[in-house]
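Read the structure below first, then the notes.
Throughout, a chain's letter reflects where its sequence line sits, starting with A, and its residues are numbered from 1.
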Number of protein chains: 4
Amino acid sequence: MRSDAARLAVLTATAALFEERGYDQLTIEGIAARAQVGKQTVYRWWPSKGAIIAECLLEGLVLPETFTPPDTGDLRADFMTWVERIFRVLEQQRGQDLLRSLIAAAAEHPDVGRRLRDALAAEASFVRRLRSAADADQVSPDVPLLELGEALAGTIVLRALSREPIEPATAGRLFDAVLAARHPLDPPR
Amino acid sequence: MRSDAARLAVLTATAALFEERGYDQLTIEGIAARAQVGKQTVYRWWPSKGAIIAECLLEGLVLPETFTPPDTGDLRADFMTWVERIFRVLEQQRGQDLLRSLIAAAAEHPDVGRRLRDALAAEASFVRRLRSAADADQVSPDVPLLELGEALAGTIVLRALSREPIEPATAGRLFDAVLAARHPLDPPR
Amino acid sequence: MRSDAARLAVLTATAALFEERGYDQLTIEGIAARAQVGKQTVYRWWPSKGAIIAECLLEGLVLPETFTPPDTGDLRADFMTWVERIFRVLEQQRGQDLLRSLIAAAAEHPDVGRRLRDALAAEASFVRRLRSAADADQVSPDVPLLELGEALAGTIVLRALSREPIEPATAGRLFDAVLAARHPLDPPR
Amino acid sequence: MRSDAARLAVLTATAALFEERGYDQLTIEGIAARAQVGKQTVYRWWPSKGAIIAECLLEGLVLPETFTPPDTGDLRADFMTWVERIFRVLEQQRGQDLLRSLIAAAAEHPDVGRRLRDALAAEASFVRRLRSAADADQVSPDVPLLELGEALAGTIVLRALSREPIEPATAGRLFDAVLAARHPLDPPR
DNA sequence: GGCTAATCGAGACGGTACGTCCCGTCTTTAG
DNA sequence: CTAAAGACGGGACGTACCGTCTCGATTAGCC
């Protein structure tokens with residue numbers, strides 16, 4: 001029977017080391033040492049360090065909660081706020097490194113990839129906000145919400161990979177290009 | 001064997017191994033052995049395996065040329081052709097692995113990241129086609145071409161990371177959402 | 001499964017594994033698995049694998065009975081027969097390995113050492129034959145039987161350790177050197 | 001090209017650890033650490049810890065030199081001196097442990113076995129003394145010197161394994177049984 | 001055209017981490 | 001309520017590469 005103490009120790013140790021040193025400095029040996037756990041205990045339950053990170057993501061031990069957008073009723077403003085929040089994280093070296101580390105983990109571990117997409121481009125993210133806008137008839141119903149969300153998240157990922165900073169203006173331009181025509185900008189009335 | 005021969009041997013060996021085994025199975029020791037080159041010779045010229053891959057990308061030894069879109073005059077058709085070509089590569093395990101390997105390389109090596117963005121989302125890609133469309137007044141001039149290109153490329157990257165296949169319909173929906181309103185749909189005839 | 005059954009299961013499993021793989025491939029984990037017994041059950045009754053082997057020896061589960069010499073009345077012939085029997089075992093890889101395994105076990109476990117000496121150089125072995133010869137006045141009474149037995153057994157052990165085969169001629173020479181002068185049996189002349 | 005510094009560091013570290021902790025506490029990892037050498041360097045040149053010990057023996061880094069007997073002309077006295085010297089070593093726990101460690105090493109590594117036999121029962125030992133006696137016609141020429149040497153050494157080995165102390169009297173009795181009749185020198189009558 | 005310095009291949013070096021096997025102890029569960 | 005099953009923290013195994021460091025053996029280009 002599995003020991004919950006060991007499981008938690010491994011996950012928190014992993015989250016800590018991941019934040020401190022990044023994905024490719026992460027070491028199963030290091031995790032076991034930090035968690036005061038035998039290496040075999042790690043290998044018994046996880047096939048790879050990617051799998052551990054995936055579980056950390058699932059438990060919310062890695063990604064900050066800031067990534068969920070507000071909902072003030074003004075879709076564009078909410079979008080800008082959301083983008084700005086993300087930027088505030090990505091402006092710091094630490095934030096970029098964390099995202100890139102996640103991307104690296106995702107590249108070699110399917111589960112991490114799925115969770116990353118969930119976190120950035122699915123229900124947990126701006127897509128939810130978009131959907132609520134659609135429900136409130138602020139956005140034309142034929143807008144492919146999920147695809148748009150992915151496009152926005154994809155932009156962020158690509159920028160993180162190329163180390164190209166995104167300016168707020170860029171974000172605004174993108175939003176307008178993508179949505180301006182599709183939602184009655186200033187609520188009609 | 002003189003320097004330039006060695007350089008080429010290293011690059012082709014790297015490209016071959018990269019395609020065969022992927023980025024994280026790539027080792028400098030393996031590259032040197034395959035290239036029949038001393039390890040020191042590799043270290044003399046490249047600081048890391050990421051740098052070698054970046055140079056391979058630059059020399060076109062890694063990414064297929066298929067990624068450049070056609071230009072038939074019909075923007076939407078060209079887009080669909082481009083997407084379809086990319087999909088045909090990504091449908092195969094090998095293609096997905098290659099892209100993910102590139103992403104992993106990009107995550108830990110800035111140069112690779114830049115080149116990847118160049119290849120997918122800049123002049124070498126659909127963005128060029130978009131620009132030519134803009135030049136021909138097929139697209140309204142205030143459309144932020146680069147951002148759109150990144151959004152499209154970002155979608156592809158995110159899908160590769162999450163192992164979520166993209167269906168052509170998805171691509172069409174996205175294109176329409178992003179551009180339909182912005183270019184006089186089917187050219188006025 | 002109740003205690004005595006477990007005890008026997010452990011001992012027979014140990015003897016089998018010992019014969020199959022030798023002393024240093026022997027593991028408590030392997031014994032427990034083979035015996036279908038919990039590891040704890042093994043540790044409850046024996047402090048080490050050496051102790052288990054010692055008990056196997058005691059139960060006669062390990063050493064073949066061939067090691068007891070015949071008694072035909074002709075001391076030298078009996079000796080040669082005994083030596084030859086031992087050789088026939090030691091000629092095979094398996095036999096040498098078994099003896100060396102026993103020696104290894106003896107080196108790290110006193111009990112095994114004692115039993116090994118008992119089996120090779122004490123009452124259970126040629127010493128008994130020597131003693132019967134002494135009783136029958138075939139050997140001068142001041143011959144130190146035990147010491148001679150040890151010398152003979154020691155030779156065998158040393159040969160097993162050095163992987164130097166013993167030829168029958170060698171054995172005969174040794175016997176003559178050690179005993180010829182001391183027992184009148186050999187036709188006087 | 002092999003580094004002699006590394007080789008020596010490994011051998012002296014091994015000899016030290018062997019003497020301190022015995023054969024089965026000896027660890028390749030420990031040797032490498034003590035020698036300040038990479039583990040791979042050890043594995044590159046030696047297949048097992050037994051092989052390292054064998055080489056230590058060859059270099060005289062392990063066995064004390066005391067094991068060579070004197071040559072005063074009096075064979076029996078020299079023998080007793082030799083035996084006594086060995087006993088003085090074997091009386092101490094350390095000495096017995098060392099011998100048993102050597103035996104354990106010999107049991108699993110042929111080279112060690114050969115060297116052990118060389119050291120105890122061949123030219124390096126009392127056999128040489130015996131041979132010089134034979135050369136000086138102090139011992140009848142048909143005495144099988146090597147076999148006798150092995151018998152004596154074998155006794156010592158067996159006693160070490162069984163933890164049975166050897167008293168000097170035992171040694172004398174053995175010597176007399178084996179050689180008294182065969183060398184005319186002493187008993188001039 | 002001969003000398004010398006740089007560069008080459010080869011690969012050993014001190015290390016770090018890998019993933020596996022057992023150790024001896026501790027905990028759970030099924031009979 | 002006992003014993004099998006097996007998870008636990010730990011230590012060592014033997015392997016793969018890391019990045020640095022000699023090695024001789026070619027060159028190459030400057031005298």
d(B/Ile52 CD1, B/Leu57 CG) to nearest 0.5 Å is 12.5 Å

So, OP1 or OP2 of E/dG11: does either fall under 4.0 Å of a side-chain N or O from D/Trp45?
no

Below 3.5 Å, can you tabulate the donor-acceptor pairs from side chains in residues 98-110 of chain C to any protein atom, sequence neighbours excluded?
residue: C/Arg100; atom: NH1; partner: C/Gln96; partner atom: OE1; Å: 2.6
residue: C/Arg100; atom: NH1; partner: C/Ala160; partner atom: O; Å: 2.9
residue: C/Arg100; atom: NH2; partner: C/Asp97; partner atom: OD1; Å: 3.0
residue: C/Ser101; atom: OG; partner: C/Tyr23; partner atom: N; Å: 2.9
residue: C/Ser101; atom: OG; partner: C/Asp97; partner atom: O; Å: 3.3
residue: C/Glu108; atom: OE2; partner: C/Tyr23; partner atom: OH; Å: 2.9
residue: C/His109; atom: ND1; partner: C/Ser48; partner atom: OG; Å: 3.4

Nearest of E/dG9, F/dG9, F/dC8 to any side-chain atom of A/Val37?
F/dG9

Does a side-chain N or O from C/Gln36 land closer than 4.0 Å to OP1 or OP2 of F/dA5, or not?
yes

Of D/Asp4 and A/Leu26, whose closest DNA chain E nucleotide lies nearer the 5' terminus?
D/Asp4

Do A/Arg7's NZ or CZ and the ring of A/Trp45 fall within the cation-pi criteria of under 6.0 Å and 45°?
no

May I have the distance from D/Ile31 (atom CD1) to F/dG14 (atom P), rounded to whole angstrom?
11 Å

First locate atom CG of B/Leu17, then atom OG1 of B/Thr12, and finally report the distance between them rounded to the nearest 0.5 Å.
9.5 Å

5' precedence on DNA chain F between D/Thr27 and B/Gln25 (nearest-nucleotide basis)
D/Thr27

Sorted by number, residues from residues 100-111 of chain B placing a heavy atom under 4.0 Å from DNA chain E are none

Please confirm whether the backbone N or O of D/Leu161 pairs with a side-chain atom of D/Arg163, one donor and one acceptor, at under 3.5 Å?
yes

Give a yes or no on whether the backbone of C/Glu19 and the side-chain of C/Arg21 come within a donor-acceptor separation of less than 3.5 Å.
no

Which protein N or O atoms sit under 3.5 Å from an N or O of nucleotides 24-31 of chain E?
residue: E/dG24; atom: OP2; partner: C/Tyr43; partner atom: OH; Å: 2.7
residue: E/dG24; atom: N7; partner: C/Lys39; partner atom: NZ; Å: 3.2
residue: E/dG24; atom: O6; partner: C/Lys39; partner atom: NZ; Å: 2.7
residue: E/dC26; atom: N4; partner: C/Gln40; partner atom: NE2; Å: 2.3

Could you check C/Thr41 against B/Lys49 and say which one's nearest nucleotide on DNA chain F is further toward the 5' end?
C/Thr41

Run the numbers on D/Arg114 and D/Asp111 for salt bridge (Lys or Arg N to Asp or Glu O under 4.0 Å), then give the verdict.
CA-CA 5 Å; D/Arg114 273 186 284 275; D/Asp111 273 1; 3.1 Å; yes

Hey, is the side chain of A/Arg44 poking within less than 4.0 Å of OP1 or OP2 on F/dC8, counting only N and O atoms?
yes

Side chain of D/Arg34, backbone of D/Ala32: donor and acceptor closer than 3.5 Å?
no

